[in-house]
Amino acid sequence: MSRKEPKKGETKKFDTVIQLMEQLKEEIQLPGCSIQIMQHGECVLTYYTGLADIEKQRKIEKDTLFRIFSMTKLITCTCAMQLYEQGRFDLNEPLYFYLPEYKQVKVCSEVTPDCKSAADAKKPILIKDLFRMGAGFTYGGSACLTEKETEKLLEKIDRSVGSKEGSITTREAIRELSAVPLAFEPGTHWRYGMSHDVLGAFIEEISGMKLEDYMKRFIFEPLGMTETAFHWETERLNQRLAGIYTIENGKRKDAQIFDKHYTKESRYDSGGSGLLSTLGDYMKFANTMALGGTNRDGVRLLGRKTLNLMRMDHLSEEMKLDYNWDHQAAYSYGLGCRTMLYPQKGGCNSSYGEFGWSGKAGSLVFMDTEEELAVVYMQQMLPSFENYIMPRLRNVIYGCL
């Protein structure tokens, strides 16, 4: 059930990665997982193990589609930085210059878990605040007014797919989000949330294109990424989308995930979490970034200096207090990615400036321009066990170099 796909330049030095993959599959009850590693533009390991779908007994193969969730963010931020390179905006400009509905935003007036009131924001959202998760947006939840109102909007977007009125578009959804009070004054804290969905609408406004169309023209087609998109034909989803699983009472079971937004009926392109991709297709993007923004075929996504700007530390000391996930103790946050700053603090053997991000169901990517190294790992499990898997996988891979 485990397959190691031979590639040019592959050596046995990555066998410890394979051993770890099999170990993780047993320890965490993963139905299956896969990994690809490229260095200096050459594939040194591609490995698939286990099942994509338990019920159908379908193995993970190179055409298996995965919900990459927040790994979408890296592509969205790259698109926006392409527009930055064209002089279409400045990072320190207010967002309302481009999305005028964000000129008069509200912010929660009490920083308490049950805050129910809001007041006018004292400062505008800057475009850089979207990239670095400092705008005041959250995801849905029940901890505060911002989370509750965001939850209502996300549920409305879900309900709209396949409805008589038709799906809410990206631009319509982000316009409605402007009425939700921010969780804090822009630029004062770090909070994971809808910032990159807003960035997707920002890209649409500047480019005059739907986000998926922009990505297709300026990322996917140049790189030959034919297996990455927001919306798919139902037949292809049924044949190729991996199942997603959870652990309940010590046993593995199907996780109930709303997948209708991956269909052609949906018109909402989530810049924060909406793409499906395959292992090898996402690697085309990751490898290009690891090579400094231009791949060995001469396809250029970003200039080297722009990529360096993305993976710099963009958090103030105050914001770093919020970026406190234990398994990312070695990192700070750049323009849409974690960035390695304190390897000794996190007990990490990777390079200073190594960068990347992860997805809700455990997919992850990290890239290293110093080593010209790109790693893409795919799985579909909730919870993702990222805090256990990511450090071990990273440390084992760097130990192989």
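These figures come from a predicted structure and were not determined experimentally.
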TODO: Could you pull out all residues at least two apart from W357 that satisfy ring pair (Phe, Tyr, Trp, His ring centres under 6.0 Å)?
DONE: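 Partners of W357 under the ring pair (Phe, Tyr, Trp, His ring centres under 6.0 Å) test: Y192, W325, Y333.
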Can a donor-acceptor pair be found between the side chains of [X] and [Y] at a distance below 3.5 Å?
{"X": "K73", "Y": "S70", "result": "yes"}
{"X": "T263", "Y": "S266", "result": "no"}
{"X": "Y331", "Y": "E354", "result": "yes"}
{"X": "D269", "Y": "T170", "result": "no"}
{"X": "K25", "Y": "T49", "result": "yes"}
{"X": "R311", "Y": "T369", "result": "yes"}
{"X": "Y47", "Y": "E22", "result": "yes"}
{"X": "Y377", "Y": "Q36", "result": "no"}
{"X": "D90", "Y": "Y84", "result": "no"}
{"X": "Q23", "Y": "E27", "result": "yes"}

Are [X] and [Y] close enough that their ring centers fall under 6.0 Å?
{"X": "F385", "Y": "Y388", "result": "no"}
{"X": "Y96", "Y": "Y102", "result": "no"}
{"X": "Y282", "Y": "F66", "result": "no"}
{"X": "Y323", "Y": "W190", "result": "yes"}

Task: Within 6.0 Å of OH in Y352, more than 12 heavy atoms from elsewhere - done: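 No, because the 6.0 Å sphere around OH of Y352 holds 12 heavy atoms or fewer from other groups.
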Open item on the list: Other residues, nucleotides and ligands only: do more than 12 of their heavy atoms fall within 6.0 Å of CG on N92?
Closed with: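 Counting neighbours around CG of N92, more than 12 heavy atoms of other residues, nucleotides or ligands fall under 6.0 Å, so yes.
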Which atom pairs, one a donor and one an acceptor, fall under 3.5 Å between side chains of residues 212-226 and the rest of the protein, sequence neighbours left out?
unit_1 : atom_1 : unit_2 : atom_2 : d
E212   : OE2    : F230   : N      : 2.7
E212   : OE2    : H231   : N      : 3.4
Y214   : OH     : Q82    : OE1    : 2.9

Task: R240 and its side chain to side chain donor-acceptor pair (under 3.5 Å) partner, picked from E61, E227, E235 - done: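 Only one option passes, and that is E227.
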Open item on the list: If the test is side chain to side chain donor-acceptor pair (under 3.5 Å), which one of R338, Q328, H327 qualifies with S358?
Closed with: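 With S358 as partner, side chain to side chain donor-acceptor pair (under 3.5 Å) holds for just one option, R338.
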Task: Shortest non-hydrogen separation from D197 to Y139 and the atoms involved - done: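 Closest pair (atom of D197, atom of Y139, distance): OD1-OH, 4.4 Å.
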